[in-house]
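The next block holds one structure in the form of structure tokens; read it before the comments.
Throughout, numbering of the chain's residues begins at 1 and tracks the sequence. Order of listing sets the numbers, starting from 1, for every ligand and every atom in it.
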Amino acid sequence: MTIGDSILAQLKEEISEIEYKRYIKQLSFCTEDSKTDYALFLAPNPLIASWVRTKYSEKISHLFEVKTSIKPQVVIELKNKRSAKVQTKETPANSPQHSAHQSLLNPAYTFDNYVVGTSNQFAYSAAQSVCEKPGGAYNPLYLYGGVGLGKTHLMQAVGNRFQAQGKSVIYSSVEQFVNDFTRHLRNQTMDRFKDKYRNCDILMIDDVQFLSGKELTQEEFFHTFEVLRSANKQIILTSDKHPKKIAGIEERLLSRFQWGLVTDIQPPELETKIAIINKKCEINRVNITKDVIEYIATIIDNNAREIEGILSKLHAYAKLMNQEITLEFTKNVLKEHIKEQRENITIDDIVKFVSKELNVKPSEIRSKNRSKNIVYSRRVSIYLARSLTQNTMPQLAQYFGMKDHTTISHTMKKISELLKSDENFKLKIDELNNKISAGQTT
Ligand code: ADP
Ligand code: MG
């Protein structure tokens with residue numbers, strides 16, 4: 001068994017069997033072209049490749065690191081593209097390991113592939129300005145917003161643009177930065193670390209909120225930042241929060257994060273979601289009709305990351321069943337998806353989800369607090385937990401800290417009445433139900 005195969009076998013233990021069969025099992029490890037710091041896997045089609053890239057490449061890289069203590073760059077290529085390359089006898093000198101920093105960018109993350117709507121317009125223009133005037137007024141450019149809203153995509157669009165101009169670009173997650181730092185520190189090769197991070201034209205660090213609590217790394221990052229900024233080199237940062245809301249990062253860094261331009265990306269409106277799905281279909285060469293696209297747009301939340309998974313699933317099923325992707329078919333396939341999600345869903349997932357949606361704390365939902373908002377959230381949680389999980393009433397009573405199952409059955413009765421009498425309540429429950437069904441608790 002090659003190291004690549006054993007890594008995939010290990011990944012199998014960590015994901016659902018369906019996901020494993022659908023995506024990971026389809027990969028083959030390319031022993032000849034992989035090196036200790038570069039792992040190449042081949043995928044049979046663009047959808048699987050892109051899905052594995054976004055969802056699993058970081059995980060795979062991590063598993064390698066655990067096994068070999070070297071975190072390789074994980075590259076997923078298309079099988080037929082690879083064989084074509086072999087035929088044209090591409091020399092290893094052109095292989096990505098010689099430009100390790102550069103090829104870490106996802107080539108599909110370009111400005112052309114980015115859909116602009118009111119939710120991200122400002123961030124988009126800022127990113128374009130950075131391309132025109134790197135190291136100018138927008139240094140650093142700090143993009144923040146929720147998961148899957150396109151921060152990484154936009155940041156890498158700038159990176160791809162710079163790279164095309166032959167500039168040296170470094171893109172790194174905080175995890176990667178920390179790993180690099182600790183490895184070089186341990187091996188007493190800090191000069192190489194500095195050489196890498198301080199001699200680039202543009203440094204992009206993704207999800208800086210993860211620097212929280214990592215004091216040594218913050219210190220190092222502070223110096224990197226100072227060197228680059230005083231040399232007018234461009235820095236781009238992303239985060240899930242405004243710098244003012246991040247805890248556990250030293251003040252001098254947080255204030256520097258705000259020296260350039262801080263801008264957020266808002267959740268996309270329905271039209272933008274539709275446009276993004278259209279774009280993804282175009283890129284992945286999936287042909288689906290307008291009604292299907294609209295349906296998908298309504299069942300996904302704000303996280304555009306789900307789109308590729310859904311398209312990949314539809315594509316795979318359609319091929320398997322030799323069927324057109326009609327609306328009916330889509331609903332059916334996604335219903336399967338819903339069932340899978342539901343089988344795995346726990347009360348914890350539901351409570352976490354409800355607390356996020358209704359803006360209360362999970363601990364409040366489980367408490368005895370009687371304030372209106374919390375009672376409401378508790379009822380909704382109990383109802384959803386009862387209808388979507390296999391837990392019995394005594395189990396629910398125990399979880400929600402109630403005396404016994406009669407309290408739960410009383411709550412269930414109360415909710416049934418509300419569902420009949422209160423239209424808004426019913427709508428809310430339906431909405432939450434749909435979202436959970438579409439897998440948004442994960
Ligand atoms: P984030 O970094 O904010 O969590 P990503 O940049 O990883 O989000 O985006 C998640 C997925 O959604 C990617 O596949 C990305 O291409 C896609 N996406 C998000 N926003 C857009 C957009 N405005 N246009 C096109 N694709 C988008
Ligand atoms: Mg991101």
message: Can you confirm if the NZ or CZ of Lys331 lies within 45° of the ring axis of Tyr295 and under 6.0 Å from the centre of its six-membered ring?
response: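 Judged by the rule (NZ or CZ under 6.0 Å from the ring centre, within 45° of its axis), Lys331 counts as positioned above Tyr295.
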- request: Can you label the angle between the Tyr144 ring and the Tyr142 ring as parallel, tilted or perpendicular, going by 30° and 60°?
  value: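 Tyr144 and Tyr142: tilted rings.
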Ring geometry between Phe111 and Tyr124 (parallel below 30°, tilted from 30 to 60°, perpendicular above 60°):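 Tyr124 vs Phe111 ring planes: perpendicular.
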Proximal ligand 1 atoms for Val147, defined as those under 4.0 Å from one of its heavy atoms: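 Those qualifying, in numeric order: 4 (O).
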Please compare [options] and report which has the shortest non-hydrogen distance to [atom].
atom                    : options                        : result
atom 3 (O) of ligand 1  : Arg53, Glu306, Lys151, Lys280  : Lys151
atom 26 (N) of ligand 1 : Asn278, Ile276, Leu149         : Ile276
atom 11 (C) of ligand 1 : His153, Gln156, Gln121, Arg305 : Arg305
atom 13 (C) of ligand 1 : Tyr109, Trp51, Tyr124          : Tyr109

query: Is Lys279 in polar range of ligand 1, meaning some N or O pair under 3.5 Å apart?
result: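 Such a contact does not occur with ligand 1.
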message: Just to check, does Thr54 reach to within less than 4.0 Å of ligand 1 when the distance is taken from its heavy atoms?
response: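 It does not, in that no heavy atom of Thr54 comes within the 4.0 Å cut-off of ligand 1.
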query: What do you reckon, does Ala275 put a non-hydrogen atom under 4.0 Å from ligand 1?
result: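 Flag not set, Ala275 not near ligand 1.
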- prompt: Do Glu269 and Thr272 have side-chain atoms, one donor and one acceptor, less than 3.5 Å apart?
  reply: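 Side chains of Glu269 and Thr272: pair found under 3.5 Å.
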Nearest-contact summary for atom 8 (O) of ligand 1 - protein heavy atom, Å: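 Among all protein heavy atoms, the one nearest atom 8 (O) of ligand 1 is Gly150 N, 3.1 Å.
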message: Applying a heavy-atom cut-off of 4.0 Å, say which part of Asn120 lies close to ligand 1: side chain, backbone, both or neither.
response: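 The side chain, only.
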